[in-house]
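What you see is a predicted model, and the numbers here were worked out from it, not measured in a lab. For the numbers below, each heavy atom of this structure counts, side chains included, while hydrogens, waters and symmetry mates do not. Each ligand, and each atom within it, is numbered from 1 in the order the structure gives.
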Amino acid sequence: MKHSPAETCELLKADTFGHIERVQAGEAIFIRRDTRSAHWLLRGLARWAARHEARGLERLRGLDGVPQLRHWDGHVLERSYIAGAPMQSAQPRDPHWYRQAHRLIRALRERGLAHNDLAKEPNWLVRDDGTPAVLDFQICWISRRRGGWFRMLVREDLRHLLKHKRTYCPEALTPVERRLLKRRSWLARTWKATGKRVYKYIARRWFGYWDDDGGALSSRRRPQDERGPT
Ligand SMILES: Nc1ncnc2c1ncn2[C@@H]1O[C@H](COP(=O)(O)OP(=O)(O)O)[C@@H](O)[C@H]1O
Ligand SMILES: [Mg+2]
């Protein structure tokens with residue numbers, strides 16, 4: 001892809017899946033995911049994930065609270081920039097924020113999409129106007145049929161939101177929400193017992209990292225941050 005000479009780029013994240021930068025080109029500000037810098041062993045997977053994200057964003061076109069797809073050329077994905085602070089630094093404590101976030105998950109569901117990566121705080125933003133936004137649709141589930149599997153994934157999205165609420169706004173948890181928090185799906189239980197261990201092992205041993213967001217959380221780590229989806 002051509003870089004226009006007027007572009008200024010700020011690197012936000014770089015890992016074995018490539019790098020993410022914020023680009024200013026004239027008036028436009030957007031986020032670029034570039035898979036060409038991915039580890040060669042993972043480049044195919046990185047491109048698959050970026051293509052999948054492009055499909056997810058296509059499905060969400062026009063929805064408020066998610067990035068808008070600008071461009072996908074098979075290697076580089078561009079999406080609109082959303083001004084705000086990631087959850088781990090904004091630490092949303094207003095119950096209203098969680099109601100809005102819940103509505104956003106329902107809006108994704110209406111479009112046939114489960115996010116699947118909402119346990120990670122950097123994938124949540126508190127926008128400058130105080131409302132929530134979600135990023136990073138690389139492993140979302142895009143459904144044709146809204147069957148039991150899809151409904152379970154949406155419930156998991158909600159459970160991850162409630163975990164964040166338990167961290168930042170526990171006094172506002174309702175009895176129903178507390179019950180939902182305890183009800184982990186068989187998928188989450190299996191992931192925690194097996195898949196997560198394998199993933200951590202590979203990430204640590206082979207690629208030298210295990211983190212929620214390339215170290216973005218390391219300045220304020222909670223015990224439960226040592227996790228993928230739980
Ligand atoms: N559209 C966006 N608006 C604002 N910040 C973004 C946007 N997309 C990504 N970011 C920032 O870049 C980080 C990494 O992007 P993300 O899509 O989550 O990549 P990864 O899959 O590597 O986690 C995010 O946690 C966020 O801080
Ligand atoms: Mg992310």
Run the numbers for me: atoms of ligand 1, each under 4.0 Å from some heavy atom of [X], listed by number.
X: Asn123; value: 18 (O)
X: Pro67; value: 1 (N)
X: Lys13; value: 14 (C), 20 (P), 22 (O), 23 (O)

Legend entry - Atom name of the N, O or S atom in Asp136 that lies nearest to the Mg ion (ligand 2):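 Checking each N, O and S atom of Asp136, the shortest distance to the Mg ion (ligand 2) belongs to OD2.
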Just checking, is any N or O donor in the side chain of [X] or [Y] under 3.5 Å from an acceptor N or O on the other one?
X: Glu156; Y: Ser185; value: yes
X: His75; Y: Thr35; value: no
X: Glu177; Y: Tyr98; value: no
X: Arg93; Y: Gln91; value: yes

Is there a heavy atom of [X] sitting under 4.0 angstrom from any atom of ligand 1?
X: Ser80; answer: yes
X: Arg33; answer: yes
X: Phe17; answer: no

Legend entry - N, O or S from Gln138 under 2.8 Å to the Mg ion (ligand 2):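 Under 2.8 Å: Gln138 has no N, O or S contact with the Mg ion (ligand 2).
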With a heavy-atom distance limit of 4.0 Å, tell me whether [X] approaches ligand 1 through its side chain, its backbone, both, or neither.
X: Leu135; answer: side chain
X: Gln138; answer: side chain
X: Pro122; answer: both

For ligand 1, which is the ligand I care about here, please tell me if [X] has any N or O atom under 3.5 Å from one of the ligand's N or O atoms.
X: Asp15; result: no
X: Tyr81; result: no
X: Ile31; result: no

Inset, instruction - With atom 12 (O) of ligand 1 as the reference point, say which of Val134, Leu11, Leu12 has the nearest heavy atom. - result: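 Result: the heavy atom closest to atom 12 (O) of ligand 1 is in Leu12.
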Inset, instruction - Classify the ring geometry between Trp186 and Trp149 as parallel (under 30°), tilted (30 to 60°) or perpendicular (over 60°). - result: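 Correct class here is tilted.
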Legend entry - Shortest non-hydrogen separation from Ala101 to Pro132 and the atoms involved: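 So the two residues come closest at N-CG, 3.5 Å.
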Legend entry - Glu7 and Arg32 ion-paired at < 4.0 Å: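 Yes.
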Legend entry - Charged N-O contact under 4.0 Å between Asp136 and Arg33: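 So Asp136 pairs with Arg33 through a salt bridge.
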Legend entry - Heavy atoms from other residues, nucleotides or ligands near CZ of Arg61 exceed 12 (cutoff 6.0 Å):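 Count over threshold, so yes.
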Inset, instruction - Count the heavy atoms of every other residue, nucleotide or ligand shown that sit under 6.0 Å from CZ of Arg127, and state whether that count exceeds 12. - result: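 Counting other residues, nucleotides and ligands, CZ of Arg127 exceeds 12 neighbours.
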